[in-house]
Amino acid sequence: MNPRLPETRVSTIRPWASVLGISAALLLGIAGHSTAAEEKITKSHGYSYFGNLDYPADYEHLSYVNPDAPKGGELSLAASGTFDSLNPYSRKGRPGALTTLQYDRLIDSTDDSVGQYYGVIAESLEYDEGRNYVIFHLRPEATFWDGTPVTAEDVVYSHRLFIEQGLPSYAQAVGRMVTGAEALDDHTVKFTFNPDVTRRSLIETVGATPVFSKAWFEADESRRLDEPRLEVAVGSGPYKLDSYDINRRIVYKRRDDYWGKDLPINRGRHNYDTIRLEYFADQTAAFEGFKAGEYTMRIESDPKLWASSYDFPKLTEGFVVRDEILDGSPPTPSGFVFNLAKPQFADKNVRKALALAFNFEWANESLMFGLNAPRSSFVQGTPLQAEGLPEGAELEFLETLGDVVPAEFLAEPALVVHESNPARLNDRRNLRKASKLLDEAGWPVGQGNLRRNAQGQTLRVEIPYPSNLPTSTATMIETFVQNLQSIGVDAKAEKVDPAQYTLRSRERDYDMVYSTRYGSFLSTGGGLSQMYGSDEAEFSLFNPAGLASPLVDAIIEASFETDNQADQDTALMALDRALRYEFFVIPVGYIADYWTAYYDMYEYPENLPPYALGYLDLWWVNPEKEAELKAEGALR
């Protein structure tokens, strides 16, 4: 059992999630539900698919916050690259960091469980047994920052805005799910659901949609959700844009008049007076800025820096704290993603051959200081990780899917990553295997010592990456390309500016890309279809490979129909096995901890939640420590 994920805790893909079910009698006592037996209507202060809610209706605050955390001070962070928009939901441009802080939702999830949602704008909700509809009852005191009330019409308008102008993958998925959205009165909104779609992810999806001011959008017809703009849509959240300087700085200020500051879900949260983002051209400049005190907290992602560069004077003198905090979430399934629309990658054996040129062990020892662990699974280190041959309940589940399951899939153990020699970048044994596979796949070495197919086309692999990527990751990409070139692949790594990289990512203008877009999962929901399903495969930003697999689709659909935790877990173990079988990502390693460094004025709760570091909303500034740092000249 992996200590990263306690056995009694069940995680999920976010933001659509559900958690371990318990008996109906206990549900009613813990969750504070009341059910009208005749109509079978559930009324509650929160929602989870299996009905279990850890916090009762009269809870005072989340268990992992410090309810008496002082308010004040500033959190300053680094952002790299550029931004040309303050609209986080645009289909174009690069949005500024943390712009979503300004928008509340009807319900929101917690970080000590998954799949549990509690009211924010919504005071309560009710739904029928078949989840054919949900009705949200809004808090009358909810207001936008311009003082106008948040109404049911605003909720309906926001929903329709995302359907008409939102990201295509979201708009298409939610458009299929929701057949109606109507304001029953000023503070009551009803969503009706398509009877032909799964009951999963319905209520939490419409409930977790950000709410905008309808009046603000309608006051100017040029205001659109899908276009970049430097004008901020009116929101109702705890922070509001205070100032910005394009490509240099963004400052958000906590609203003293925030309507929801005393809600149980918000008590002890949103503690900084201001949150400031300082923009830097790349990670090297950003790190130098931290050492100089230009910003005060850094979440480190570069193993080389973490292992070798945190010895600067302010740290050795005690002004800066270096902290490793356990990350309880399953690791992100990051890696080199094949663009499956490219014809050279149609043969899975070609993809496997190219993967053999990636030497994780060498990269880990030489570039990551041995700090990364290898990863094969999409749910690495959790109880749902597929192992060996399918057997028992998993095998029985797969057999129910019929002919969509290939015979070889049942006869082969779950795919694990190859091992390489850490002493040599070009592991000759693996490169010989790769060459043999490519020869057999019809890509022999030909003119110019490049591998070519029968039509004379080279085996092209172009990997763009942004200039603000951590140095160790960029070097990993470059050395992978070197190994590909050594076996005759027409390979190239192209360093581009962040704006160009964003555009190319959206248009899938790449052969392969290093990506962190895919997410782990320990529960089922609509997010699985967005990342791994066929319906949105051609355009989903969350499916950079364009994976469209009948096998994966069948497993996801079957997982939607499970009605208990054990069957759901079985289906998701099979999903992990199937995703690895399809082989569309070359896995890279992961880090088990959050690496944090901060000026010694920040404090956090003793019992941080398992699924979030919480530095944006759970931590706070100790004013006495801040004053000491300024007196010592460590802070400006």
Side-chain angles (χ1 to χ4, degrees), residues 12-17 85 87-95 99-100 103 105 109 158-179 181 191 193-194 196-210 212 224-228 332-335 337-342 378 501-510 513 515-521 523-557 559-560 575 578-579 582 584-585:
T12 184
I13 183 171
R14 296 197 175 192
W16 302 342
S85 173
N87 172 18
Y89 307 103
S90 171
R91 299 179 184 180
K92 305 173 185 177
R94 283 179 60 84
T99 45
T100 56
Y103 305 105
R105 295 162 167 78
S109 59
S158 301
H159 164 75
R160 290 175 178 164
L161 205 58
F162 276 100
I163 297 298
E164 296 168 5
Q165 301 175 21
L167 292 174
S169 55
Y170 178 90
Q172 179 171 307
V174 179
R176 286 196 306 266
M177 292 164 50
V178 181
T179 58
F191 292 93
F193 302 119
N194 183 349
D196 298 325
V197 301
T198 173
R199 302 294 89 182
R200 301 277 185 164
S201 299
L202 298 176
I203 294 174
E204 58 267 49
T205 296
V206 295
T209 300
F212 306 115
R224 294 182 57 86
L225 191 67
D226 55 356
E227 294 290 340
T332 299
S334 57
V337 175
F338 294 97
N339 183 348
L340 297 179
K342 300 289 185 176
F378 285 76
Y501 179 78
T502 297
L503 180 62
R504 292 184 64 171
S505 296
R506 286 175 175 169
E507 296 181 351
R508 289 199 190 150
D509 181 15
Y510 51 79
V513 66
S515 176
T516 59
R517 280 287 188 178
Y518 289 110
S520 58
F521 51 88
S523 188
T524 191
L528 289 177
S529 298
Q530 277 195 305
M531 289 190 295
Y532 303 113
S534 296
D535 286 343
E536 293 92 33
E538 290 187 7
F539 51 79
S540 175
L541 295 178
F542 307 103
N543 185 357
L547 174 69
S549 161
L551 171 63
V552 170
D553 290 342
I555 294 173
I556 291 175
E557 288 298 321
S559 74
F560 291 161
L575 178 60
L579 294 173
E582 295 293 352
F584 57 98
V585 180

- Message: For a quick test of reading the model, state the closest non-hydrogen atom pair linking A171 to G166 and the distance between them.
- Response: CB-O, 4.3 Å
- Between V513 and N339, does a side chain to side chain contact (heavy atoms under 4.5 Å, CB included) hold up when you go through it step by step? CA-CA 8 Å; V513 66; N339 183 348; over 6 Å; no
- Query: How long is the gap from CD on E164 to NE2 on H159, to the nearest 0.5 Å?
  - Reply: 9.0 Å
- Find out whether S529 and F560 are in side-chain contact, i.e. whether some heavy atom of one side chain is under 4.5 Å from a heavy atom of the other. yes
- Item | Non-hydrogen atoms of M177 and L202 that approach each other most closely | CE-CD2, 3.6 Å
- Separation between CG of L551 and CG of L575, rounded to the nearest 0.5 Å: 9.0 Å
- Message: Using only atom types and a distance under 3.5 Å, with no angle test, would you say the side chain of R508 pairs donor to acceptor with the backbone of R506?
- Response: no
- Message: Can you confirm whether Y532 sits close enough to F584 that some side-chain heavy atom of one is under 4.5 Å from a side-chain heavy atom of the other?
- Response: yes
- Item | T205 side, atom OG1; F162 side, atom CZ - distance, nearest 0.5 Å | 12.5 Å
- For T99 against P88, the heavy-atom pair lying closest together: OG1-CB, 3.0 Å
- Message: With a 3.5 Å distance limit and no angle check, can you tell me whether N87 reaches the backbone of L225 through a side-chain donor-acceptor pair?
- Response: yes
- Looking at S559 and T524, what are the two nearest heavy atoms and their distance? OG-OG1, 2.7 Å
- Task: Identify the heavy atoms of P544 and V337 that sit nearest to each other, and give their distance.
- Result: C-CG1, 3.9 Å
- Going from CZ on R91 to CG on D226, what distance comes out if it is rounded to the nearest 0.5 angstrom? 5.0 Å
- Item | Euclidean distance, S169 OG relative to M531 CE, rounded to 0.5 Å | 11.0 Å
- Message: Test your reading of the model: is there a side-chain donor-acceptor pair from E582 to the backbone of V552, 3.5 Å cut-off?
- Response: no
- Message: Does D509 form a side chain to side chain contact (heavy atoms under 4.5 Å, CB included) with L503? I'd like the steps, not just the answer.
- Response: CA-CA 8 Å; D509 181 15; L503 180 62; over 6 Å; no
- May I ask you to check whether Y89 and F212 place their ring centres under 6.0 Å from each other? yes
- Query: Which word best sums up how the rings of Y518 and F378 line up, parallel for under 30°, tilted for 30 to 60°, or perpendicular for over 60°?
  - Reply: perpendicular
- Item | Check: R94/T502 side-chain N/O donor and acceptor closer than 3.5 Å | yes
- Task: Just do the side chain to side chain contact (heavy atoms under 4.5 Å, CB included) check on F193 and T179 with the steps written out, would you?
- Result: CA-CA 5 Å; F193 302 119; T179 58; 5.7 Å; no
- Message: side chain to side chain contact (heavy atoms under 4.5 Å, CB included) for R200 and L528? Distances and angles first, verdict last.
- Response: CA-CA 11 Å; R200 301 277 185 164; L528 289 177; over 6 Å; no
- Task: Supply the atom-to-atom distance N543 CG to L340 CG, rounded to the nearest 0.5 angstrom.
- Result: 8.0 Å
- Query: Hey, is the main chain of S334 close enough, under 3.5 Å, to the side chain of T516 for a donor-acceptor pair?
  - Reply: no
- Note on the structure: Closest non-hydrogen contact found for S520 with P333 is N-CD, 3.5 Å
